[in-house]
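Have a look at the structure below before the remarks.
Position 1 is the first residue of the sequence; numbering continues from there.
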Amino acid sequence: MTQALNPSVTPLKQSGIRAASARCQELGGINLGQGVCDIPTPQTIQDAATRAMADNHNMYSACEGILPLREKLAEKITNFNGVPVDPKTEVLVTHGSTGAFVSACQTLLQPGDEVVLFEPFYGYHKSILSLLGVGTRATQINLQDFSIDLDELAACITDKTKAILICTPNNPTGKVFSHEELMAIGELAAQYDLWIITDEIYEYITYPGFKHTSMASLAKFKDRTITLSGFSKTFNMTGWRLGYVFGPEEVIGRMALVQDLLYICPSTPLQHALLAAFDMPESYFDEMRAGFLTKRDRVLSVLRDCGFQAGTPQGAYYIMADFSKLGYADDAEAANVLMEEAKIATVTGRSFYMDPAHGKHSLRF
Ligand code: PLP
């Protein structure tokens, strides 16, 4: 066969994260690399999935997702995120929050457009944009104090920029964007007439002193904000592939049509099962946060004792740590030593930067 493949797929390669996970399993090590969770999916939701299949909810659903789930979501989005939304027109159940991101990008962006994101970034954001031919520019999150530089953000905006992409609580730094920061980012987006795409999948995982704020709850910016979230992290069900998105009616309506073409609909029986997630008591979320807080403090204190430098994560379940003082040549060597000698899988810093040199002295745990 002599026909060339689509050139946008040729730069794709298996992420190093999966290879590290495979090696870690071979060694019987501890996987602090891949963002997988070792807590079980709540039993009541698992039982509801079995029931949904037995009750024959096994066919395609509406491409927007089943209305009872969108109604439950609208209630949650109003109460938890502080964003009143219409379940019929402003909420879409999606194929994971990843599916929401793909549909949002297909709806809002064209090849040649640019998106500004914060670096270090979640690799899928950057890679999906690249796959779609969308350019990216990045402004830095300071790894020690999690500060951002609004002048640097403004300097990334060009006449091709269509959107600013935020992830809060942040993967990989653990930064929780403050109300003031979101206001300032929103003002810039308004000034340049940009969309704001915000990935809030870790919204329930915040630590004492930090509160999750949804960009869309700042009423001034609601009309330009597309909020992605999902169930993978909150209910430990990354394999269920269910997420959701809310935003302006005209965008959500188009996204539903894009989703119809790409995926037809999110998994029907699992949508029915997820109705049970809304009966989880407040204590479920408190215990989850408390559990992650204990683990954060334990890992952070060991890392600091070993000579790593890291800011204290404000949310999510990652630590991005700098090992400059430890003498390793680069992130690949540090990750390799940790894997082979300590049997601990991590992710190399370069995975989170456009220029791999910027991640040369860091690892994500
Ligand atoms: N967004 C962020 C920031 C993530 O860290 C992840 C998974 O690690 C996802 C999205 C994937 O979410 P989902 O499983 O809902 O597609």
Side-chain angles (χ1 to χ4, degrees), residues 35 37 39 72-85 90-91 94 96-98 100-101 104 117-118 120-122 125 141-142 145-148 164-186 189 196-222 224-238 242-247 277-278 280-297 311-320:
C37 194
I39 307 171
K72 290 278 186 197
L73 280 168
E75 215 176 294
K76 173 265 171 192
I77 293 162
T78 304
N79 297 331
F80 179 82
N81 301 91
V83 188
V85 285
E90 296 175 313
V91 183
T94 59
S97 75
T98 307
F101 183 62
L117 34 82
F118 289 86
F121 46 68
Y122 169 56
H125 287 157
I141 297 175
N142 180 305
D145 64 7
F146 302 137
S147 60
I148 55 172
I164 299 176
L165 174 53
I166 303 168
C167 175
T168 182
N170 186 259
N171 175 8
T173 62
K175 173 182 176 63
V176 173
F177 283 70
S178 69
H179 184 275
E180 292 69 32
E181 288 169 333
L182 294 175
M183 280 301 287
I185 295 166
I196 302 166
I197 304 173
T198 169
D199 181 335
E200 303 184 1
I201 194 158
Y202 298 100
E203 60 193 347
Y204 282 101
I205 308 173
T206 51
Y207 301 118
F210 296 92
K211 197 177 156 299
H212 172 65
T213 305
S214 286
M215 177 58 99
S217 71
L218 311 179
K220 230 171 140 180
F221 310 122
K222 186 184 170 198
R224 60 179 69 252
T225 302
I226 319 300
T227 309
L228 319 172
S229 193
F231 306 97
S232 286
K233 311 292 172 173
T234 309
F235 298 107
N236 315 314
M237 44 170 66
T238 54
L242 281 177
Y244 57 93
V245 54
F246 57 95
F278 296 86
M280 296 302 283
E282 210 39 53
S283 60
Y284 170 79
F285 301 95
D286 293 341
E287 280 163 26
M288 173 178 67
R289 276 186 285 267
F292 282 128
L293 179 63
T294 306
K295 292 175 192 173
R296 178 199 73 173
D297 289 346
T312 304
Q314 303 161 346
Y317 48 51
Y318 304 100
I319 299 171
M320 190 80 175

Distance check, rounded to the nearest 0.5 Å: [X] atom [atom1] versus [Y] atom [atom2]?
X      : Y      : atom1 : atom2 : value
Phe292 : Tyr317 : CZ    : OH    : 5.5 Å
Asn171 : Lys233 : CG    : NZ    : 7.0 Å
Tyr284 : Phe235 : OH    : CZ    : 6.0 Å
Ser229 : Ile77  : OG    : CD1   : 8.5 Å
Thr98  : Tyr122 : OG1   : OH    : 4.5 Å
Asn170 : Phe121 : CG    : CZ    : 11.5 Å

Leu242/Met237 under side chain to side chain contact (heavy atoms under 4.5 Å, CB included): CA gap, chis, key distance, verdict
CA-CA 8 Å; Leu242 281 177; Met237 44 170 66; 5.8 Å; no
A side-chain contact here means heavy atoms from C-beta on lying under 4.5 Å apart; do [X] and [Y] qualify?
X      : Y      : result
Ile185 : Phe221 : no
Leu293 : Pro208 : yes
Thr312 : Arg296 : yes
Leu228 : Ile201 : no
Thr206 : Pro169 : yes

For the pair His179 and Leu218, evaluate side chain to side chain contact (heavy atoms under 4.5 Å, CB included) and give the outcome as yes or no after the intermediate values.
CA-CA 9 Å; His179 184 275; Leu218 311 179; 3.4 Å; yes
Verify, without hydrogens or angle tests, whether [X] (side chain) and [Y] (backbone) share a donor-acceptor contact under 3.5 angstrom.
X      : Y      : value
Tyr202 : Thr234 : no
Thr225 : Ile196 : no
Lys222 : Pro84  : yes

For Glu181, enumerate each residue passing the salt bridge (charged side-chain N to carboxylate O under 4.0 Å, His left out) test, keeping only those at least two apart in sequence or located in another chain.
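Salt bridge (charged side-chain N to carboxylate O under 4.0 Å, His left out) list for Glu181, sorted by chain: Lys175.
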My understanding is that only residues two or more places apart in sequence, or in another chain, count here; which of them pass salt bridge (charged side-chain N to carboxylate O under 4.0 Å, His left out) with Asp286?
Arg289
Which atom pair, heavy atoms only, marks the closest approach of [X] to [Y]?
X      : Y      : result
Gly311 : Pro313 : O-CD, 3.2 Å
Thr213 : Leu182 : O-CD1, 3.4 Å
Val83  : Ser217 : CG2-N, 3.6 Å
Lys211 : Val176 : O-CG1, 3.6 Å
Met215 : Gly186 : CE-N, 3.8 Å
Thr168 : His212 : O-CE1, 3.4 Å

Relative to the ring of Phe101, is the ring of His125 parallel (under 30°), tilted (30 to 60°) or perpendicular (over 60°)?
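His125 and Phe101: tilted rings.
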is_close_aromatic(Phe231, Tyr244), centroid dist under 6.0 Å:
yes
